[in-house]
Every structure is written in C-alpha cells, then in structure tokens.
Amino acid sequence: MSERVEVAKARRIVVKAGSSSLTTPRGTIDANRIDALVDVLAARRADGTEIVFVSSGAIAAGLAPLGLSRRPPDLATQQAAASVGQGLLFARYTSSFARYGMTVGQVLLTADDMMRRSHHRNAQRTLGQLLAMGILPIVNENDTVATDEIRFGDNDRLAALVAHLIRADALVLLSDVDALYTGDPRQPGARRVDDVHGPDDLRDVKLGRSGRVGTGGMVTKVEAARIAGIPVVLTNAASAAHALAGDKVGTLFHPAEGRRMSTRNLWLAHATTGQGRVMLDPGAVEAVVRRRKSLLPAGVTGVDGDFAAGDPVDLCDTSGHVVARGLVNYDASEIPELMGRSTRWLARELGAEYEREIIHRDHLVILTDER
Ligand SMILES: Nc1ncnc2c1ncn2[C@@H]1O[C@H](COP(=O)(O)OP(=O)(O)O)[C@@H](O)[C@H]1O
Ligand SMILES: N[C@@H](CCC(=O)OP(=O)(O)O)C(=O)O
C-alpha cells in the first residue's frame with residue numbers, strides 16, 4: 001500500500017495545526033479558518049477514524065486580548081498570553097465541533113509529561129480513554145507552566161510523540177506553507193520537495209526558521225517526521241482535506257525502512273534532556289555505539305552534573321561529543337568511586353548490588369550517525 005493510501009485509510013491519525021493557520025496577524029482567533037478545519041476533521045471522524053488534534057495558537061490568540069501587537073520575547077508574557085489564548089481557543093473549538101454534535105477534550109502536556117515514564121503512561125491512558133469514549137482530544141503544550149529549559153516551544157515534535165503514544169497510523173502537519181521547499185519559500189528560487197525518503201532528499205534543503213507567529217519553522221517539522229516513524233504529510237491548512245484523502249498535496253515524508261524504535265527509546269531520544277554527562281573512554285564508545293553493549297563502570301572516565309538514578313544522562317566520547325543517551329542506574333555522586341573498575345571488583349569490594357551496569361543496553365539510545 002502506498003503511503004498516500006495509508007494516510008487515506010488510517011484508522012488513527014494525528015493532525016497538527018500551527019499558530020499561523022489558526023490565528024490572524026492581529027493576534028486573534030481566525031474563526032473562519034477554524035471552522036473550515038473543523039469541517040474537515042468532522043468529516044474524517046464521521047467515517048470512524050480516531051483523530052487526535054494537536055493545536056498551537058494559544059500564545060498567538062492571546063496577543064490582541066492583552067493589547068500586544070506581536071509575540072512577546074519573554075517567557076512570562078508568552079505564558080500570560082497562552083493562559084488567555086488557550087481558553088479562547090478551546091472555547092472556539094468546543095462550539096465549532098458542536099455544530100457536528102462532537103465533544104472535544106482538552107489535553108495540555110509538558111515536555112516533562114513525555115519525559116517521565118509514569119506521566120507518559122498517564123497521558124497515554126487519558127488519550128486512549130478519550131478516544132474510546134468517542135471524544136476528540138485537542139492537545140497543546142501546557143505553556144503556562146513550561147519553563148524555557150523544559151519546553152518543546154513548538155508543537156511539531158509534541159505531535160510526533162503523541163502519534164507514537166497513541167500508535168497512530170499517520171501524522172498530518174498543517175502549516176502556512178503548502179509543502180517543504182528547498183529553501184524558505186519567501187525567497188526566490190525555492191523549489192517544492194514532494195517526497196522525502198531519508199537524509200539524502202534533504203541534502204539540498206535549507207531548513208529556515210519560522211514565519212510570523214510560529215516557532216519551530218521547518219527544522220522541527222523535519223525532526224517530527226523523523227521521530228514519527230509513520231507516513232507524515234506536511235501541507236497548508238487549506239489542503240487538509242486533500243492531505244487526509246491521500247491526494248498528492250504537500251510533502252510526504254516516508255517512514256524509514258527497518259525496525260521502528262521502541263516507544264521508550266523514541267521517548268528517550270527525543271523527549272528527554274540529559275540531566276548530566278558521563279564521559280567514556282574509546283573502548284566504551286566502541287562497545288556502546290557499535291556493539292550495542294551496556295555501559296560498564298570500567299569504561300567511564302568522568303561524570304558531570306547532579307542526576308539521580310533513573311534520570312536520563314548523555315554519554316560523551318573523548319572529544320565531548322554526545323554519542324548516546326540512557327537511563328542511569330546510579331546517582332551522580334556514586335559514580336566517581338566506580339569509574340574504571342571492573343564489575344567483578346566492585347561486587348567483591350562493595351557488595352553484589354554494585355555488579356550492575358552504569359546503563360543497561362535496553363535503556364540506551366545512540367545519538368550519533370557514526371556507528
Ligand atoms: N525550506 C523551507 N520550506 C518551507 N518553509 C520554510 C522553509 N524554511 C523556512 N520556512 C518557513 O517556515 C514557516 C513555517 O513554520 P512555522 O511558522 O513554525 O509554522 P507553524 O506555525 O505552522 O508551525 C513558513 O512560513 C516558511 O516561511
Ligand atoms: N504551544 C504554543 C505553540 C507555539 C507555536 O508557535 O507553535 P507552532 O505554531 O506549531 O510553531 C501555543 O499554543 O502558542
């Protein structure tokens with residue numbers, strides 16, 4: 001089945017719309033465009049497809065009500081705008097979907113909800129239950145509580161992780177451009193890219209920053225497509241119906257061949273931030289990156305940061321490049337005593353509980369292409 005057909009036949013789908021597709025340049029909700037998009041989603045829902053809708057636009061929709069003429073640079077004012085805008089946006093969706101007798105549920109997620117396994121499971125349960133009850137979940141980042149350090153900022157990667165969370169069959173990213181181009185389409189000479197099969201198709205593509213009110217630009221959309229592991233269509237909101245029907249619009253990102261990363265590893269690679277760093281000697285880099293072994297204390301040469309057992313940490317080679325990320329089995333303060341020691345020595349001198357790896361191979365993802 002071609003990937004376009006997969007999108008058309010998907011039983012579970014995530015649709016994400018960016019701020020610029022939902023709000024006006026004046027910083028208010030664009031009711032007409034929201035209604036038009038809701039018409040498309042309602043029609044697809046009517047054929048039995050389960051849809052999770054990821055909607056940006058809270059900050060943009062809060063600008064005019066707060067008397068702001070443009071997106072504020074500081075986080076506190078962005079959060080104030082999001083607090084006002086999210087309520088208005090959701091109220092608008094509630095009445096727009098009500099035209100079709102559909103009920104919507106608001107789900108606000110933080111990066112931490114994706115990062116912490118227990119939260120991750122909660123989000124999964126909530127979305128699953130909403131879908132089971134015939135409700136259409138509308139997801140956004142919980143901007144009012146997210147801090148700069150732990151923020152997605154864009155909703156593209158969030159949409160890809162949500163797609164994973166609910167095991168969606170396809171992801172549709174709706175923006176203010178009709179496709180990916182070889183360069184920013186606002187510049188002359190940019191050509192449309194119809195299909196992306198892998199990094200080779202992106203070699204000549206310049207991924208520019210965002211337009212007017214969005215944040216991620218194309219960088220986060222391409223990253224989202226890579227994370228999703230399912231067919232992803234990128235197009236503009238006006239082409240949403242065609243994209244969902246499997247018509248040849250926008251850019252189709254084909255999922256990479258081969259085994260898909262487990263949800264846990266995707267989550268580890270894309271939804272977590274290393275809480276510290278563990279430095280590896282060349283032998284350990286070889287073992288972890290190329291031979292996919294667990295990281296043992298013998299190959300560790302240094303540690304940096306203040307993490308606790310269970311936290312995600314970055315593993316660095318001798319030049320300081322991050323080569324992998326994993327869930328560590330020890331607190332940062334315990335590691336200096338273990339470094340360079342064999343597990344047998346540690347078990348004998350410190351007790352059997354010290355025989356465990358620093359990071360088990362099942363809790364490791366490789367973040368370098370040099371395998
Ligand atoms: N190579 C490219 N192809 C297409 N659009 C690009 C490219 N580089 C930069 N852009 C810009 O990215 C913008 C879309 O990103 P963004 O504003 O973050 O969208 P959204 O709010 O929909 O998430 C477009 O308006 C376009 O000007
Ligand atoms: N959560 C934010 C999303 C910010 C944003 O601009 O996202 P996007 O338009 O998808 O690039 C909001 O609702 O304003």
Side-chain angles (χ1 to χ4, degrees), residues 14-22 54-60 71 73 75 78 109-111 114-115 139-141 143 146 148-164 171-187 189-237 243 250-256 261 266-274 314 321-322 325 365-369:
V14 173
V15 178
K16 180 256 166 179
S19 310
S20 49
S21 312
L22 305 166
V54 178
S55 171
S56 301
I59 297 173
R71 191 184 170 94
L75 182 62
Q78 284 177 21
L109 299 171
T110 61
M114 292 283 140
M115 187 161 124
V139 176
N140 194 359
E141 182 165 12
D143 295 303
D148 265 336
E149 291 73 37
I150 57 145
R151 203 167 176 221
F152 279 107
D154 63 276
N155 272 337
D156 301 317
R157 287 168 304 158
L158 179 63
L161 290 164
V162 166
H164 236 269
L171 168 64
V172 175
L173 298 174
L174 302 173
S175 184
D176 60 347
V177 270
D178 64 340
L180 176 71
Y181 283 75
T182 50
D184 192 326
R186 290 168 294 188
Q187 309 295 329
R191 282 175 290 108
R192 260 178 70 122
V193 179
D194 292 331
D195 290 274
V196 176
H197 292 92
D200 283 355
D201 294 326
L202 293 170
R203 201 162 287 149
D204 298 329
V205 174
K206 281 234 284 295
L207 301 172
R209 299 307 303 174
S210 123
R212 191 175 39 82
V213 284
T215 50
M218 286 299 130
V219 177
T220 51
K221 287 175 184 47
V222 167
E223 165 94 347
R226 202 162 59 86
I227 298 171
I230 49 179
V232 176
V233 180
L234 164 66
T235 190
N236 56 11
T251 301
L252 174 65
F253 293 83
H254 301 253
M261 246 196 218
L266 264 174
W267 157 82
L268 195 54
H270 301 286
T272 63
T273 326
D314 289 335
H321 294 128
V322 176
R325 183 173 302 144
V365 283
I366 309 304
L367 298 178
T368 172
D369 289 332

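Only heavy atoms go into these numbers, but all of them, side chains included; no hydrogens, no water, no symmetry mates. Small disclaimer: the values here were computed from a predicted structure and weren't measured.
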Original post:
Does the side chain of Asp154 reach to within under 4.5 Å of the side chain of Val219, using non-hydrogen atoms?
Top reply: no
Original post:
How close do Ala243 and Val172 get, heavy atom to heavy atom, and via which atoms?
Top reply: CB-CG1, 4.2 Å
Subject >> Among Val233, Leu173, Val222, side chain to side chain contact (heavy atoms under 4.5 Å, CB included) partner for Phe253 >> reply: Val222
Subject >> Minimum side-chain heavy-atom gap Asn155-Glu141 below 4.5 Å >> reply: yes
Subject >> Worked check of side-chain contact (heavy atoms from CB on, under 4.5 Å) between Arg157 and Ile227 >> reply: CA-CA 8 Å; Arg157 287 168 304 158; Ile227 298 171; 3.8 Å; yes
Original post:
Is any side-chain heavy atom of Val14 less than 4.5 Å from a side-chain heavy atom of Val54?
Top reply: yes
Original post:
Any sub-3.5 Å donor-acceptor pair from Arg191's side-chain atoms to Thr182's backbone N or O?
Top reply: no
Subject >> Residues Asp156, Lys16: salt bridge by 4.0 Å N-O rule >> reply: yes
Subject >> Atom of Ala190, atom of Tyr181 and distance for their closest heavy-atom approach >> reply: O-CD2, 3.8 Å
**OP:** Just jot down the side-chain contact (heavy atoms from CB on, under 4.5 Å) partners of Val205, sequence neighbours excluded, or say none.
**Re:** Leu180, Val193, Leu202, Leu207
Original post:
Could you state the interatomic distance from OG1 (Thr251) to CG (Asp194), rounded to the nearest 0.5 Å?
Top reply: 6.5 Å
Original post:
Between Asp143 and Ala58, what is the shortest heavy-atom contact and its length?
Top reply: OD2-CB, 4.2 Å
Original post:
Do the side chain of Ser21 and the main chain of Ser175 share a donor and acceptor less than 3.5 angstrom apart?
Top reply: yes
**OP:** Write down the atom of His164, the atom of Ala228, and the distance for their closest heavy-atom approach.
**Re:** CD2-O, 3.5 Å
Subject >> Donor-acceptor pair, side chain of Arg325 and main chain of Leu268, under 3.5 angstrom >> reply: yes
Original post:
Between Leu22 and Ser56, which heavy-atom pair has the shortest distance, and what is it?
Top reply: CD1-O, 3.2 Å
**OP:** Provide the closest heavy-atom pair for Leu252 versus Pro231 in the form atom of the first, atom of the second, distance.
**Re:** CD1-CB, 4.3 Å
Original post:
Under 4.5 Å between any side-chain heavy atoms of Thr235 and Leu174, yes or no?
Top reply: yes
Subject >> Listed partners of Asp204 passing salt bridge (charged side-chain N to carboxylate O under 4.0 Å, His left out), at least two apart >> reply: none
